[in-house]
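Remarks on the structure that follows.
Nothing here was measured: the structure is a model prediction, and the numbers come from that model. We count ligands from 1, going down the list as the structure has it; atoms in each ligand are counted the same way. This chain uses plain numbering: 1 for the first residue, then up along the sequence.
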Amino acid sequence: MSDRVRFAPSPTGFLHVGSARTALFNWLHARSTGGTYVLRIEDTDAERNRPEITSGLLSELEWLGLDWDEGPFYQSEQKERHREVVQDLLDRELAYLCDGDNEPVKGNQIQDGLAVRFRMPENEVIEFEDVVRGSVSFTTDDLEDFVIWRSNGTPMFLLANAVDDADMGITHAIRGEDLLSGVPKVLLLLQAMDAPQPTYAHLPLLVNEQRKKLSKRRDDVSIADYRDRGYLPEAMVNYLSLLGWGPPDDIEVRPLEEIVDLFAIEDVNKAAAFFDLKKLEFVNATHLRELKKNDFVERAKPWVEGNTVPWSPDKFNEDRYLTMVDLVQEKLRTLSDLPRFIDFIFLDKPVDDPDSWHKAMVKAPFAAEILEGTFNALTDCKWETETIKEVVTQVGENLGIKLGKTQAPVRVAVTGRTVGPPLFETMALCMDREEVLNRISRAQSRL
Ligand code: GLU
């Protein structure tokens, strides 16, 4: 029989990076073992209406490419089944009714206004093998009689979770470490239902730079936000796969198909995993660099089209844009970096970045001399990358300074910023001489 795994999120209105890692590890286990991947929405607690809370979740899973084989199933639709199990436990006196003061109440029929508690056996040890954490044990004396049915007529999470796993024939429950402490209660419920127990794998906690658990308040935890900031889905899943797992050959940045081939849930380790934004950026930059040009252009569309771009549509020049793609693709960390690298070409004037101006014009020596020398040299030189580079180098040499320092005020005059695409190529291939000279002279008057 092949494995059946499930991703069972409680909807929160967005897909958290920790949840996405859980979704991914379940998906990887299913895909690498030829098993079945089931999506179950654990919405018994959800107060808001279903499409609103789950549509984002589903589209973000699709964006990540984590397609499911069965579902989505909605736990809230199984309420009658959950009720039946609770009633059966009451009938067998494995559970009892209790009132609003937590006092046991006689009788064994589920009733409005009364909750149901599971009767914890005394002095038993509950032990299980967790794939990640090894052998785990709890004693029932440390656990309370826990509520399985609320007085408002709805099932509690652990009950619904246990019943659904049993009914769906789930063989593996791969999920976050925060759920570990609920396992003994779920095992008791499964035992009472005479259902087999799934294999558990609890994934390590995700922590931020301060080694604190990732939180919505402090950290960027929404997958949709990363998507909107220009991260690629293949980079996202690649990075998430490294949170608690690593490939045996230590090659970390690679396509998902290879990760599927190499992944084994047994190789996940239990140490807390640092959600490292710098590393995520690096992984993203690497995947961005590797995109074929057509693909890059297609995926970059939302960042260079529409009303968020700083230039007006009639200023945009497709040929120049495509040339710029060749020059900047390897420099980007995210797609949202792209407009900043090319905007000055499609604007009437260089952008106005006061810090850059201060650094390259006000603080640096010889800015005026460099601008003047460059203006003169560019007036009649051949308009071609190597020549432009040579003449600017010469201007610096006459003043006794290196090209890097000579280039800075020229770059700020032309683009407005100290950081940007390769300057001489950009000037030669995507700007006219007249435009460049105008910008240099504009900077001269401003100085
Ligand atoms: N619904 C639970 C959560 O989102 C996960 C339950 C499970 O994976 O067993 O925290």
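When heavy-atom distances to ligand 1 are checked against 4.0 Å, the residues falling inside are Arg6, Ala8, Pro9, Ser10, Glu42, Phe157, Asn161, Arg175, Leu179, ordered by chain and number.
With sequence neighbours left out, Phe275 forms a ring-ring contact (aromatic ring centres under 6.0 Å, His included) with Tyr239. Asp130 is linked by a salt bridge (charged side-chain N to carboxylate O under 4.0 Å, His left out) to nothing, counting only residues two or more places apart in sequence or in another chain.
For Arg150 and Thr154, the side-chain atoms include at least one donor-acceptor pair closer than 3.5 Å.
When atom types are taken as modelled, the side chain of Asp141 and the backbone of Asn123 share a donor-acceptor pair closer than 3.5 angstrom. Without hydrogens or angle criteria, Arg4 side chain to Met168 main chain gives a donor-acceptor distance under 3.5 Å.
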Quick one: side chains of residues 105-118, donor-acceptor pairs under 3.5 Å with protein atoms, not counting sequence neighbours, listed by atom name and distance.
from	atom 1	to	atom 2	distance (Å)
Arg117	NE	Asn102	OD1	3.4
Arg117	NH1	Asp145	O	2.5
Arg117	NH2	Asn102	OD1	2.6

